[in-house]
Novice: 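Please see the structure below; I have some questions.
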Amino acid sequence: MTFADVLAGLELEVPPYTLAQQEADERQMHLLIGAAVLQREVAENLQVRSWLVPASPECTALLLEEETPTGAGTRANAHERASDDLAALCELIIQRSDAEENLVRFMEAPGESQGALVFACLLQLCGYVRNARFWWHFAAGAGSTAAAYCLFLDGLLYDQAEEAVHCYESLGGADFVHDHLEDPPRHSGTALGISRELDQHIEQVSHEDFGVIALPGPGLPANVGRRQTSIR
């Protein structure tokens, strides 16, 4: 006797699968699928909208690139994320309500870190990359954690991974991320176009030790304030 014969001899009462039960099961299945899709979208959004940190997948792959074989897109992915986050952070900083006031204080007292941070972000958006880095170093040394995080992103962009992580861990970049978890990067490109109009208010002077240094011109704070009003 085969197993099929045994089954054939069994008398089993199979309850009918009614249309109502089928519809109820389908509704439950749709709910489960919808919940799974939503959970996946939330996870993806959190990853995209969170600030880049050394533990982020793109950054981790870049930091381990010399030790672990990675895909050809590793460096490009890390650069893209760092570039997007840096632009978003610069936009965030120059659009703050106190940006104009911080610039004024910076021009009156050059040791003021928040004004140096605002000026550096303006320089970055205007294309003065080397000078932006100079003032980020200045602001980070004066205690600006946002400037330290800018240096972290800048280091990733220019393949200076060890220096980037040092800025993140030792200069306070991690503190910036911790304090701004509710300010995810949202690069719109709006501030980029506005900041380019400020180029005429940026002066450049020669320094015997540091070469050419960009400085804020007299009309820069007022113009930043006017452009803040126009984008609100």
Novice: Is the Tyr128-Trp135 ring centre distance short of 6.0 angstrom?
Specialist: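 When the ring centroids of Tyr128 and Trp135 are compared, they turn out to be at least 6.0 Å apart.
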
Novice: Measure the shortest side-chain to side-chain distance between Leu123 and Phe134 over non-hydrogen atoms and say whether it is less than 4.5 angstrom.
Specialist: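 Of all side-chain heavy-atom pairs linking Phe134 with Leu123, none is under 4.5 Å.
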
Novice: Search all heavy atoms of Ala82 against all heavy atoms of Leu156 and return the closest pair with its distance.
Specialist: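 Between these two residues, the closest heavy atoms are CB-CB, 4.1 Å.
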
Novice: Looking only at heavy atoms, what is the nearest atom pair of Asp159 and His79, with distance?
Specialist: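 Between these two residues, the closest heavy atoms are OD1-NE2, 2.8 Å.
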
Novice: Less than 4.5 Å apart, any side-chain heavy atom of Pro54 and any of Phe152?
Specialist: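 The answer is yes, as the side chains (C-beta and beyond) meet within the 4.5 Å cut-off.
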
Novice: Calculate, to the nearest 0.5 Å, the distance between atoms CD and CZ belonging to Gln114 and Arg105 respectively.
Specialist: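 CZ of Arg105 is found 8.0 Å from CD of Gln114.
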
Novice: What pairs of residues pass the side-chain hydrogen bond (donor to acceptor under 3.5 Å, both in side chains) test when at least one of them lies in residues 141-156, not counting sequence neighbours?
Specialist: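 Every pair satisfying side-chain hydrogen bond (donor to acceptor under 3.5 Å, both in side chains) with a residue in residues 141-156: Arg133-Asp154.
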
Novice: Can you list every salt bridge (charged side-chain N to carboxylate O under 4.0 Å, His left out) pair that touches residues 160-173, not counting sequence neighbours?
Specialist: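 Every pair satisfying salt bridge (charged side-chain N to carboxylate O under 4.0 Å, His left out) with a residue in residues 160-173: there are none.
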
Novice: Between Trp136 and Cys121, is any pair of side-chain heavy atoms under 4.5 Å apart?
Specialist: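 Trp136 reaches Cys121 side chain to side chain.
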
Novice: Checking the side chain of Ser83 only, and the main-chain atoms of Glu80 only, is there a donor and an acceptor separated by less than 3.5 Å?
Specialist: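 Not at all, since once roles are kept as given, no pair shorter than 3.5 Å links the two residues.
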
Novice: With rounding to the nearest 0.5 angstrom, report the CG to CG distance, Leu125 to Leu86.
Specialist: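 Leu125 CG to Leu86 CG: 8.0 Å, rounded to 0.5 Å.
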
Novice: Give me the atom names and distance for the closest heavy-atom approach of Ala116 to Phe138.
Specialist: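 Heavy atoms of Ala116 and Phe138 come nearest at CB-CD2, 3.7 Å.
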
Novice: Can you tell me how far CZ of Phe119 sits from CD1 of Ile93, rounded to the nearest 0.5 angstrom?
Specialist: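 Ile93 CD1 to Phe119 CZ: 14.0 Å, rounded to 0.5 Å.
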
Novice: In Å, rounded to the nearest 0.5 Å, how long is the span from CD1 of Ile94 to CG of Leu103?
Specialist: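 Ile94 atom CD1 to Leu103 atom CG measures 10.0 Å (nearest 0.5 Å).
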
Novice: To check you understand the geometry: which heavy-atom pair defines the closest contact between Cys150 and Leu89, and what is its length?
Specialist: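 So the two residues come closest at SG-CD2, 3.5 Å.
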
Novice: Do any N or O atoms from the side chain of His178 and from the backbone of Ala174 form a donor-acceptor pair under 3.5 angstrom?
Specialist: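 The answer is no, because no donor-acceptor pair under 3.5 Å joins these two groups.
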
Novice: Looking at every heavy atom in both Ala146 and Leu117, which two are closest together, and how far apart are they?
Specialist: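 Between these two residues, the closest heavy atoms are CB-CD2, 3.7 Å.
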
Novice: Do you know which two heavy atoms are closest between Ala139 and Ala147, and how far apart they sit?
Specialist: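 Distance-wise, the nearest heavy atoms are CB-CB, 3.6 Å.
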
Novice: To the nearest 0.5 Å, how far apart are CG in Asn102 and CE in Met107?
Specialist: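 Those atoms lie 13.0 Å apart.
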
Novice: Could you give the distance from CG (Leu92) to CG (Asp85), rounded to the nearest 0.5 Å?
Specialist: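 CG of Asp85 is found 11.5 Å from CG of Leu92.
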
Novice: Check whether any side-chain heavy atom of Val129 sits under 4.5 Å from a side-chain heavy atom of Gln124, and report yes or no.
Specialist: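 Val129 vs Gln124: side chains touch.
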
